[in-house]
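Step one of this worksheet: look at the structure below.
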There are 2 protein chains.
Amino acid sequence: MKKTERSSYEKLEQVVGCKWSVSVLHEIGSGTKRPGALERAIEGISTKVLSERLRKLTDYGLLNKNKFPEVPPRTEYSLTQAGEQLVKIIEQIQQLDQEIN
Amino acid sequence: MKKTERSSYEKLEQVVGCKWSVSVLHEIGSGTKRPGALERAIEGISTKVLSERLRKLTDYGLLNKNKFPEVPPRTEYSLTQAGEQLVKIIEQIQQLDQEIN
DNA sequence: CAGTATCCAGACCGATACTG
DNA sequence: CAGTATCGGTCTGGATACTG
């Protein structure tokens, strides 16, 4: 994505720092699994961006992807173990956020 | 910065998602306090961006700023309590990061 | 329904010059 | 030394149309 990165925080920045990533992780953590439902649940996100995030988070090992060979096609995403840990950490930051304000 | 934000993750994205923010927080957490030293310690960051980050993190209540009325001017930054908590959380994510890869 | 391709406006970053 | 202003290139996100 960025090309001039080299710090050890690269991955953190690319995952959490990407707009909508956190919302997507949180929503999936809340039980929403299918892209269509996610798109409806996360107000404001576009198809393209949702797809990009799902792909990236899957690539980074934070999401599992299950594609069912049906018509119409059905795909379900879920948190990996690492994904769940990240969600927990994100929730901590949320609380921190409230303390700040 | 962004203008079309409205999710509850806005702040998290704006703080952690900003390039270099995490590095700056971490470096200050490691004891580096003055802008000049930070600029040298954080390889690749520019004056302008460092200033922006310091300002934003200060505005967000993550950093304390101490300006001394001396010549030449001296300024020192330190983590607020919230800043320290955030640094701890970031370190957790670092560990998670290692598990992912 | 899931996912991709395209187009465009604007945001961010980087480098640098400059002020107090 | 700390901090701001400017400028240019690049990348991202948003909207939409489209494919399987």
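Chain identifiers are assigned alphabetically (A, B, ...) following the order of the sequence lines, protein sequences preceding nucleic acid strands; residue numbering begins at 1 within each chain. Since the model is a prediction, treat every value here as computed from it, not as a measurement.
- Interatomic distance, B/Ile93 CD1 to A/Gln85 CD, rounded to the nearest 0.5 Å: 11.0 Å.
- Taking atom OH of B/Tyr77 as the reference point, atom P of D/dC1 lies 15 Å away to the nearest angstrom.
- The residue B/Ser51 sits close to a base: some heavy atom pair falls under 4.0 Å.
- Residue B/Arg34 places at least one side-chain N or O under 4.0 Å from the OP1 or OP2 atom of D/dA2.
- Mapping A/Pro72 and A/Arg55 onto DNA chain C by nearest heavy atom places A/Pro72 closer to the 5' end of the strand.
- Remark: B/Leu63 CG to B/Thr58 OG1 distance equals 4.5 Å, nearest 0.5 Å.
- For the atom pair OH of B/Tyr77 and CZ of B/Arg53, the computed distance is 13.0 Å after rounding to the nearest 0.5 Å.
- The phosphate of D/dT12 has neither OP1 nor OP2 within less than 4.0 Å of any side-chain N or O from A/Trp20.
- Side-chain proximity of B/Ser46 to the nucleotides C/dG3, D/dG3, C/dG14 is greatest for C/dG14.
- When the nearest nucleotides of DNA chain D are assigned to A/Thr47 and A/Pro73 by heavy-atom distance, the more 5′-ward of the two goes with A/Thr47.
- Rounded to an integer number of Å, the gap from NZ of A/Lys56 to P of C/dT4 is 15 Å.
- In this structure, B/Leu38 and B/Leu54 have side chains that are in contact, with non-hydrogen atoms separated by less than 4.5 Å.
- No side-chain heavy atom of B/Leu86 sits less than 4.5 Å from a side-chain heavy atom of B/Leu79.
- To the nearest angstrom, P of C/dA2 lies 15 Å from CG of A/Leu63.
- Nearest heavy atoms, A/Glu13 versus B/Ser21: OE2-N, 4.3 Å.
- Results of the side-chain contact (heavy atoms from CB on, under 4.5 Å) test with A/Val24 over A/Ile42, A/Val49, A/Leu62 single out A/Ile42 as the only residue that passes.
- Look at CD on A/Gln14: it is 13 Å from C1' on D/dT12, rounded to the nearest Å.
- Contacts of B/Phe68 with the nucleic acid, taken as non-hydrogen atoms under 4.0 Å apart, are absent.
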### Query
Would you write out the dot-bracket form of DNA chain C, 5' to 3', with Watson-Crick and G-U pairs under 3.5 Å, [ ] for crossing pairs, | for pairs to other strands and . for unpaired bases?
||||||||||||||||||||
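- In terms of position on DNA chain D, the residue among B/Lys48 and B/Lys65 whose nearest nucleotide sits closer to the 5' end is B/Lys65.
- Summarising the geometry, the separation between CD on A/Glu52 and P on C/dA2 is reported as 17 Å, rounded to the nearest angstrom.
- Spacing between atom CZ of A/Arg53 and atom P of D/dG14 amounts to 8 Å, rounded to whole angstrom units.
- Residue B/Glu76 contributes atom CD, which lies 11 Å from atom P of D/dG3 at whole-angstrom precision.
- The interatomic distance linking A/Leu50 (CG) with C/dA2 (P) rounds to 9 Å, in whole Å.
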